[in-house]
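Remember, it's 1-based here, ligands and their atoms both numbered in the order they're listed. FYI, side chains are in, hydrogens and waters are out, and symmetry mates aren't considered; it's all heavy atoms of this structure.
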Amino acid sequence: MNIAHWLQRTALAHGQRPALLEGQRLLYDYRQLAARVAALAGHLRVACGVQPGDRVALFSANSPAYLEALQAIHWCGAVTVPINYKLHPRELAYVLADSDARLLCVSPALQADAQAAAGAGLPLLVLGGADWQQAAQGAPLALEPRAPEDVASLFYTSGTTGRPKGVMQTQRNLLAMTMAYFTDVDQVQPQDAMVYAAPMSHGAGLYHYAHILRGARHVLPVSGGFDPAELVQLATELGHVSLFAAPTMVHRLVEYVRRSAVQPPEHGFKTIVYGGGPMYVDDLRRAIATLGQKFVQIYGQGECPMTITALAREHLADSTHPRWLQRIASVGLPHACVQVRVADEQGQPLPAGSLGEVLVRGETVMAGYWGQPGATAQTLRGGWLHTGDIGSLDEDGFLTLRDRSKDVIISGGSNIYPREVEEVLLQHASVSEAAVVGQPDADWGEVVIAFLVAEGGLLPDAGLQARINAELDALCLSQIARFKRPKSYRWVPALPKNSYGKVLKTALRAQW
Ligand code: AMP
């Protein structure tokens with residue numbers, strides 16, 4: 001079992017199908033793509049000395065060569081180490097050393113940074129450069145067999161608490177994750193076009209496997225990332241576009257479509273999978289009203305890639321259901337290949353409706369952290385992955401997440417879940433984005449502070465701020481307990497986010 005086998009299989013059966021596009025330009029069909037990948041794998045083995053099980057790091061924005069590299073690394077039996085290309089060279093150096101990388105594949109634009117981080121000992125291969133193109137014409141390597149428990153990818157956690165850890169995702173994990181996409185997220189058709197608008201070093205990259213297996217199109221935006229205008233144009237020209245997007249990207253796409261005269265056609269977008277952070281109910285309703293029933297939510301984490309729960313299209317569409325509003329605020333039902341439990345501090349299951357830590361076990365749970373048996377034992381204790389997320393299950397099995405346990409605010413001895421407050425603040429027509437954090441306070445332990453971005457991104461003047469703040473107070477008092485109401489509102493031009501679109505609450509707390 002080697003997941004690169006899917007490329008070989010599709011190339012044999014459907015070699016003429018379009019495989020890799022840059023924007024609207026077709027680069028290769030499946031036969032050509034598989035031939036290039038086999039040759040690149042040959043180059044990795046013969047010229048670079050990469051052996052099965054070796055780690056090959058990738059430090060690049062999205063590009064067609066990125067996808068080829070992922071497949072070529074798998075093809076020769078090595079382990080992909082996708083690294084967030086916005087990391088500082090010091091952080092990159094840490095990941096390269098920790099993973100004991102054998103080779104670093106880097107985009108031309110990042111070569112200088114990468115060279116500094118890699119030092120003299122680690123060879124670099126420039127993605128899409130002259131050597132790359134020549135290597136893609138070279139002698140092919142036979143697909144290297146792998147065992148299901150072999151590590152296929154090392155995914156580095158963002159390391160907001162402590163050093164990043166390398167999550168060992170096995171061949172079996174990625175196989176199960178891909179099957180789970182078909183059962184719980186979407187059926188992929190050959191005419192579909194997967195557009196990589198979010199970083200391929202994160203969730204978006206993990207969805208390329210399902211689209212290789214089904215012989216769909218892979219589209220790398222010319223911009224190399226997320227540009228709403230480009231995305232709408234691709235949807236219009238190519239049709240049947242699917243993508244994975246962080247909620248903040250969905251928000252920006254929807255705002256763009258609402259303000260623009262250009263509307264994507266009915267079959268422009270097929271499926272927009274959102275996840276990686278909370279999607280607020282108001283944003284979601286606006287997204288569905290603007291783009292239609294194209295949405296599916298997933299909840300996952302590096303330690304259980306893309307596959308803890310999914311909120312299916314049919315549940316999002318079922319607006320006559322008595323608990324529809326609760327359901328669309330949830331992250332849906334456990335994926336078919338895992339079991340989910342909400343547990344107390346001893347790991348014992350809690351009854352429906354109770355809040356506790358979300359635990360997961362099953363086919364997509366990581367093998368452990370690379371070289372860190374202590375952290376592995378702690379996170380996988382009792383045979384369950386401890387996600388660090390707080391949530392509750394309802395009687396129908398839908399999971400609602402509150403927050404990461406470290407984001408929970410404890411004020412006057414009571415727990416306050418920022419997400420609940422944010423949901424209320426976002427109902428106000430002048431609020432575009434909201435992030436609620438705790439600030440240390442001598443009397444209360446912590447008090448609630450809300451950071452707000454105004455609709456349109458412009459800062460309201462002091463008078464208008466005072467009026468809106470008073471209205472926000474009234475809104476909170478009408479919907480949530482008094483002690484959860486923010487003690488202070490701070491209007492900012494933008495919220496700090498990482499390159500995966502997650503709001504950096506640690507940065508907000510530091511800023512205050
Ligand atoms: P990462 O390992 O970088 O993918 O981050 C995973 C974390 O992102 C999870 O543990 C959750 O805290 C958060 N997350 C992922 N998906 C969702 C979702 N659909 N809704 C809310 N939070 C999410």
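Taking each heavy atom of Ala329 and Thr400 in turn, the nearest pair found is O-CG2, 4.0 Å.
Here Glu422 does not pair with Arg419 in a salt bridge; the nearest charged N to carboxylate O distance is not below 4.0 Å. Classification of Lys294 and Asp186 as a salt-bridged pair fails, no side-chain N sitting under 4.0 Å from a carboxylate O. Here Arg258 does not pair with Glu455 in a salt bridge; the nearest charged N to carboxylate O distance is not below 4.0 Å.
Two rings, from Tyr209 and His74, have their centers less than 6.0 Å apart.
Residues of the protein with a heavy atom under 4.0 Å from ligand 1 are His202, Gly275, Gly276, Gly277, Pro278, Gln297, Ile298, Tyr299, Gly300, Gln301, Gly302, Val331, Asp389, Leu401, Arg404, Lys502, listed by chain and number.
Sorted by first and then second residue, the salt bridge (Lys or Arg N to Asp or Glu O under 4.0 Å) pairs with a member in residues 376-385 form an empty list; sequence neighbours excluded.
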